[in-house]
S.K.: 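The structure under discussion is supplied below as structure tokens; questions concerning it will follow.
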Amino acid sequence: MKKINGSVEYDFIIVGSGLFGSICAYELKKKGMKVLVLEKREHIGGNIYTENMEGIQVHKYGAHIFHTNDQDVWDYLNQFVKFNNFVNEPIANFKGKIFNLPFNMNTFYQMWGVTTPKEAKDKIAEQQEELVGIEPNNLEQQAIKLIGRDIYATLIKGYTEKQWGRSATELPPFIINRLPVRFVYNNNYFSDKFQGIPIGGYTKIIEKLLNGIDVLLNEDFNLKQDFYRSKAGKIIYTGPIDQFFNYKFGHLEYRSLKFETEVLDEENYQGNAVVNYTDFEVPFTRIIEHKHFYFINSKKTIISREYPIEYKSGLEPYYPINDKKNQETYSLYRNLAKQEDSVIFGGRLAEYKYYDMHHVVRLSLNLISKL
């Protein structure tokens, strides 16, 4: 990556070096376009950025586990880096008792001592009876209707209230319209055909995508919009859509995260990559032990505690709060965006929508194919 001076003009300027922006940059360069990538942070990669610490690739912005059923998406990323065979099998810790996730026969045995699918279904049905004929109007009712009160109280309520900073009775039911429930003994969280972690970390993918492309770090496009718009035929903008329009209709709301990362002088802290803490009294939602993503044998280990916090200016926006008020505000911004002939809005922040990584790959490839 190299610094450039402001006199150079580009076919495209891409705002953001996350997966969406980096794939767009790579594909446009392949088409012979001159591309500049602007990155507000001091590093490339957005939220999938990984950093080598003590020989362990640390997921600096929370656990990222790639999974997809899309053969083309899988093949596309594998041209840049190979993936290991990590399978996500998280566990939940509730007041010192361990449960397997997602909800499956192992979970139901740990919760109730049942050993057959029929016993588990009968137990759930018995607990669903309190909401028969009632249309859920909050998350608590929705969860009980889907899985029963015991699973809700032990594995959903505290975790969800920490994550969203609100009582489950104040949260809309659509947040958990579906819950993964399996009546088999299978702890694989995802059911996708392809799953894994890139060997050497996610940053390696971004480095290869941006190889030979001009990148400016520590550069906030929104502070110099007029300047950069005069330097490119088109802008692909992946930042917050409300910030692009200088918060004309107010701020869109998010939840943010705080991470506490520690290097520990022990080989194995928790025995699993992801452990969720579902008790409300424990202030963090989960602990990530990064070495278990990569099957590393080492004398030290690195853990990150994840704390959900209210979003405010200066923090990273992670999860959009897609309630009615925010969706109405986003619609106003989206209408403004449609009037921008030279700016293309795409990705999680520009579309005010949570995306998994495989969705981001497909969306970016679809966008470039349409240009």
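Note that this is a predicted model, so its numbers are computed, not measured.
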S.K.: Kindly check if the number of other-residue, nucleotide or ligand heavy atoms within 6.0 Å of NZ (Lys40) is above 12?
M.R.: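 Atom NZ in Lys40 is not packed in, count stays at 12 or less.
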
S.K.: Does the pair Glu126/Lys121 count as a salt bridge with the N-to-O cut at 4.0 Å?
M.R.: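 Here Glu126 does not pair with Lys121 in a salt bridge, since their nearest N and O are not under 4.0 Å apart.
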
S.K.: Do Gln110 and Asn100 pair up side chain to side chain, a donor and an acceptor below 3.5 Å, judged on atom types alone?
M.R.: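 Checked: Gln110/Asn100 side chains pair up, N/O donor to acceptor below 3.5 Å.
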
S.K.: So for atom CG, which belongs to Asp75, do other residues, nucleotides or ligands contribute more than 12 heavy atoms lying within a distance under 6.0 Å?
M.R.: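 Atom CG in Asp75 is packed in, count exceeds 12.
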
S.K.: Please examine the side chains of Phe20 and Leu367, heavy atoms only from C-beta on, and report whether any two atoms are closer than 4.5 Å.
M.R.: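 Answer yes - side chains close enough.
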
S.K.: Would you mind reporting whether Glu207 and Ile44 have side-chain heavy atoms less than 4.5 Å apart?
M.R.: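 Sidechains of Glu207 and Ile44: in contact.
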
S.K.: Tell me if the centroids of the rings in Phe99 and Phe103 come within less than 6.0 Å of each other.
M.R.: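 Aromatic pair excluded; centres sit 6.0 Å or further apart.
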
S.K.: Around atom OH of Tyr109, are there more than 12 heavy atoms from other residues, nucleotides or ligands closer than 6.0 Å?
M.R.: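 No, the 6.0 Å shell around OH holds no more than 12 heavy atoms from other groups.
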
S.K.: Please report the C-alpha distance between Glu140 and Thr169 in whole Å, then the side-chain angles of each, then the deciding distance to 0.1 Å, and finally whether the side chain to side chain donor-acceptor pair (under 3.5 Å) criterion is met.
M.R.: CA-CA 6 Å; Glu140 178 171 289; Thr169 57; 5.9 Å; no

S.K.: Tyr333 side chain to Phe249 main-chain N or O, any donor-acceptor pair under 3.5 Å?
M.R.: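 Side chain of Tyr333 to backbone of Phe249: a pair is present.
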
S.K.: Are Phe293 and His59 an aromatic pair, judged by ring center distance below 6.0 Å?
M.R.: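 Under 6.0 Å, so yes.
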
S.K.: Quick one: do Asn188 and Asn186 satisfy side chain to side chain donor-acceptor pair (under 3.5 Å)? Show the steps, please.
M.R.: CA-CA 6 Å; Asn188 184 354; Asn186 181 1; 5.1 Å; no

S.K.: Could you tell me whether the side chain of Thr285 and the main chain of Glu306 form a donor-acceptor pair under 3.5 Å?
M.R.: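 Yes: the side chain of Thr285 pairs with the backbone of Glu306.
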
S.K.: Quick one: sort the Tyr318 and Phe259 rings into parallel, tilted or perpendicular, breaks at 30° and 60°.
M.R.: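 Ring orientation of Tyr318 relative to Phe259: perpendicular.
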
S.K.: Do you see a donor-acceptor pair shorter than 3.5 Å between the side chains of Asn276 and Asn93?
M.R.: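 Their side chains do not contain a donor-acceptor pair, so the 3.5 Å distance test is not met.
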
S.K.: If only side-chain N and O atoms count, and only distance matters, is there a donor-acceptor pair under 3.5 Å linking Tyr354 with Asn322?
M.R.: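 No donor-acceptor contact under 3.5 Å links the two side chains.
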
S.K.: Would you say that more than 12 heavy atoms from the other residues, nucleotides or ligands in this model lie under 6.0 Å from the CD of Glu281, or not?
M.R.: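 Check passes, neighbour count above 12.
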
S.K.: Does any non-hydrogen side-chain atom of Glu161 lie less than 4.5 Å from one of Ser167?
M.R.: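 In short, these two side chains touch, coming nearer than 4.5 Å.
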
S.K.: With a 4.5 Å cut-off on side-chain heavy atoms, are Lys208 and Lys204 touching?
M.R.: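 Yes, side chains in contact.
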
S.K.: Taking the side chain as C-beta and beyond, is there a heavy-atom pair between Arg362 and Asp70 under 4.5 Å?
M.R.: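 A side-chain contact exists here, since the closest heavy-atom pair is under 4.5 Å.
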
S.K.: Have Glu219 and Tyr228 got a donor and an acceptor in their side chains that come within less than 3.5 Å?
M.R.: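 Glu219 vs Tyr228: donor-acceptor pair found between side chains.
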
S.K.: State plainly whether the residues Asp265 and Lys299 are in salt-bridge range, i.e. N to O under 4.0 Å.
M.R.: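 Here Asp265 does not pair with Lys299 in a salt bridge, since their nearest N and O are not under 4.0 Å apart.
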
S.K.: Would one find more than 12 heavy atoms of other residues, nucleotides or ligands at under 6.0 Å from atom OH of Tyr189?
M.R.: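 At most 12 heavy atoms, drawn from other residues, nucleotides or ligands, come within 6.0 Å of this atom.
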
S.K.: Any side-chain heavy-atom pair from Leu252 and Pro320 closer than 4.5 angstrom?
M.R.: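 Side chain of Leu252 against side chain of Pro320, heavy atoms only: no contact under 4.5 Å found.
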
S.K.: Taking the six-membered ring for Trp, are Tyr247 and His251 parallel (under 30°), tilted (30 to 60°) or perpendicular (over 60°)?
M.R.: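 Parallel.
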
S.K.: Describe, in one word, how the ring planes of Tyr311 and Tyr254 are oriented to each other, choosing from parallel (under 30°), tilted (30 to 60°) and perpendicular (over 60°).
M.R.: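 Perpendicular: the ring planes of Tyr311 and Tyr254 meet at over 60°.
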
S.K.: Should Thr160 and Leu171 count as side-chain neighbours, where that means a heavy-atom distance under 4.5 Å?
M.R.: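 With C-beta onward as the side chain, the pair touches.
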
S.K.: Anything under 30° is parallel, anything over 60° is perpendicular, the rest tilted; go ahead and classify Phe83 against Phe66.
M.R.: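 Tilted: the ring planes of Phe83 and Phe66 meet at 30° to 60°.
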
S.K.: Taking the side chain as C-beta and beyond, is there a heavy-atom pair between Ile321 and Tyr352 under 4.5 Å?
M.R.: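 Yes, side chains in contact.
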
S.K.: Given the rule that I, L, V, M, F, W and Y join up when any side-chain heavy atoms are under 4.5 Å apart, are Trp74 and Leu77 in one cluster?
M.R.: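 Trp74 and Leu77: one cluster.
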
S.K.: Any carboxylate oxygen within less than 4.0 angstrom of a Lys/Arg side-chain nitrogen, looking at Glu129 and Arg149?
M.R.: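 Judged by the 4.0 Å cut-off on N to carboxylate O distance, Glu129 and Arg149 do not form a salt bridge.
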
S.K.: Are side-chain N/O atoms of Thr203 and Thr50 paired as donor and acceptor at under 3.5 Å?
M.R.: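 Note: Thr203 and Thr50 side chains meet the donor-acceptor criterion.
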
S.K.: Using the rule given for salt bridge (charged side-chain N to carboxylate O under 4.0 Å, His left out), can you reason through Asp122 versus Lys118, listing the C-alpha separation, both sets of side-chain angles and the distance that settles it, and then say yes or no?
M.R.: CA-CA 6 Å; Asp122 288 347; Lys118 183 181 185 305; 2.8 Å; yes

S.K.: Strictly below 4.0 Å, N to O, side chains only: are Glu27 and Lys31 in salt-bridge contact?
M.R.: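 No, no charged N to carboxylate O under 4.0 Å.
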
S.K.: Give the intermediate values and the outcome of side chain to side chain donor-acceptor pair (under 3.5 Å) for residues Ser298 and Lys291.
M.R.: CA-CA 9 Å; Ser298 60; Lys291 69 187 303 179; 3.0 Å; yes

S.K.: Taking atom types as modelled, find out whether Tyr330 and Asn335 have a side-chain donor-acceptor pair closer than 3.5 angstrom.
M.R.: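 The criterion, which ignores hydrogens and geometry beyond distance, is not satisfied for Asn335 and Tyr330.
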
S.K.: Is there a donor-acceptor contact under 3.5 Å linking the side chains of Gln195 and Asp192?
M.R.: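 Judged by distance alone, the side chains do not pair up.
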
S.K.: Where does the angle between the aromatic ring planes of Phe345 and Phe245 fall among parallel (under 30°), tilted (30 to 60°) and perpendicular (over 60°)?
M.R.: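 If you compare the ring of Phe345 with that of Phe245, the planes turn out parallel.
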
S.K.: Check the orientation of Tyr307 and Phe284. Use parallel for under 30°, tilted for 30 to 60°, and perpendicular for over 60°.
M.R.: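 Ring orientation, 0 to 90° scale: perpendicular.
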
